[in-house]
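Within every chain, numbering begins at 1; the chains are lettered A, B, ... in the order of the sequence lines, protein sequences first and strands thereafter.
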Amino acid sequence: MPELPEVEVVRRGLAERVTGRTIAEAALHGARVARRHIPGPDDLAARLQGRTVRAARRRGKYLWLVLDAPDDEPVALLIHLGMSGQLLVERPEAPDERHLHARLSFDDGGDELRFVDQRTFGGISLSDLSADGVPLTIAHIAPDPFEAAYDEAAVVRRITASTSAVKRVLLDQRYVSGVGNIYADEGLWRARVHGGRPASSLTKPAVARILRHTREVMAAALEQGGTSFDALYVNVNGASGYFERSLAAYGQEGRPCRRCGTPIRRVAFMNRSSYFCPRCQRAPR
DNA sequence: CTTTTCTCCTGTATGC
DNA sequence: TGCATACAGGAGAAAA
């Protein structure tokens, strides 16, 4: 599932393959992919035509292409992959994918950019950019741990002020962005903290350790091209990542903990699964 | 206001 | 074999 490392892999692919190119035509298949573009899919397609891609940027799990706007400030083509979205750069004559939702062709006649999404939790929209270069649409999303704007001490203060379970807070993109179910479990395992602990019951140094471990595990995953459980997460060239083999907790139910050998447990949490070592990560009473 | 639950979607795996 | 059900889960709306 695309979390920060996987989205960053995709961003790098876009930066390499799409930057500097001018959109000849945008074709949207169905309205759902553009549901967050309030003026509608036709408006989106029309406004993409003729614009040049100047940069590919990211905050947390959102990424966006900075596009030239004629006689105006640049705009952002904001993209979220949801849990099964893919951005593929491929030959125009490649057959349509089963869940193809959008296709951008370029005036150089080269490879197209396609948005393919089996579950359509993802989508694309146009957004104005704020003064700090972040799309206005995602102004409520906090900086991720790799940004200059990330203020660890401030994040720690906010997290310890919450009485919610610490894993719930880690997954809340308003506190820190980019963390999803996989890397939350991995970061908590590395920090030896149970995700069900109320955030307010943890010391500030303990919360800082969780954040640093989470950042480190995401950096390690990025080096491996991200985590791919199946063909749903791939980079712009259709290739999978290799971090799955390095996961210590997520998806490891019944397997011995890499530190102490105790079988990893799986429990339902927030309508999804949480994996943890019952010995290294003591549950709250 | 804060916090939690629900909903969107489809392919795959499992159970009867 | 076939059909029903569970599960994967990010984000925002809706409810509490």
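In this structure the side chain of A:T120 reaches within 4.5 angstrom of the side chain of A:H101, judged on heavy atoms.
Dashed line: the shortest gap from a side-chain N or O of A:R266 to OP1 or OP2 of C:dA8 is under 4.0 Å. One finds no side-chain N or O of A:R36 lying less than 4.0 angstrom from the OP1 or OP2 phosphate oxygen of C:dG12. In terms of phosphate contacts, A:Q173 brings no side-chain nitrogen or oxygen within less than 4.0 Å of OP1 or OP2 of C:dG10. Within the 4.0 Å cut-off from OP1 or OP2 of B:dC9, not a single side-chain nitrogen or oxygen of A:S84 is found. For B:dT4, one of the phosphate oxygens OP1 or OP2 lies less than 4.0 angstrom from a side-chain nitrogen or oxygen of A:S164. When the side-chain nitrogen and oxygen atoms of A:H99 are compared with OP1 and OP2 of B:dT10, none of them lie within a distance under 4.0 Å. Note on A:Y175: every side-chain N or O is 4.0 Å or more away from OP1 and OP2 of B:dT2.
Here C:dG10 presents its C1' atom at 11 Å from NE2 of A:H140, a figure rounded to the nearest Å. Distance, A:M270 CE to C:dA11 P: 11 Å, rounded to whole Å. When the P atom of C:dA8 is taken as reference, atom CG of A:L171 falls 14 Å away, rounded to whole Å. To the nearest angstrom, P of B:dC9 lies 11 Å from NE2 of A:H101. Between the CD1 atom of A:I138 and the C1' atom of C:dG12 there is a distance of 14 Å, given to the nearest Å. For the pair A:E253 CD and C:dA6 P, the interatomic distance rounds to 17 Å; values are reported in whole Å. Protein atom CZ of A:F121 is 12 Å distant from nucleotide atom P of C:dA11, rounded to whole Å.
Between the OG atom of A:S177 and the CZ atom of A:R58 there is a distance of 7.5 Å, given to the nearest 0.5 Å. If you take OG on A:S164 and CG on A:L170, they are separated by 11.5 Å, rounding to the nearest 0.5 Å. With rounding to the nearest 0.5 angstrom, the CD atom of A:Q86 is 8.0 Å from the CD atom of A:E97.
A:T137 and A:Y62 share no side-chain donor-acceptor pair at under 3.5 Å. A:R17 and A:N237 share a side-chain donor-acceptor pair at under 3.5 Å.
Using a 4.0 Å heavy-atom cutoff across all strands shown, A:S273 reaches sugar-phosphate atoms only and no base atom.
Between its two ends, the helix from B:dT2-C:dA16 to B:dC16-C:dG2 turns its axis by 60°, counting five pairs per end and rounding to 10 degrees.
Residue A:R119 places no side-chain atom within donor-acceptor reach of the base of C:dG10, judged by atom type and a 3.5 Å distance cut-off alone.
Of all nucleotides listed (B:dC9, C:dA8, B:dT3), B:dC9 comes nearest to the side chain of A:R32.
Geometrically, A:R11 does not engage A:W64 in a cation-pi contact defined by less than 6.0 Å to the ring centre and at most 45° from the axis.
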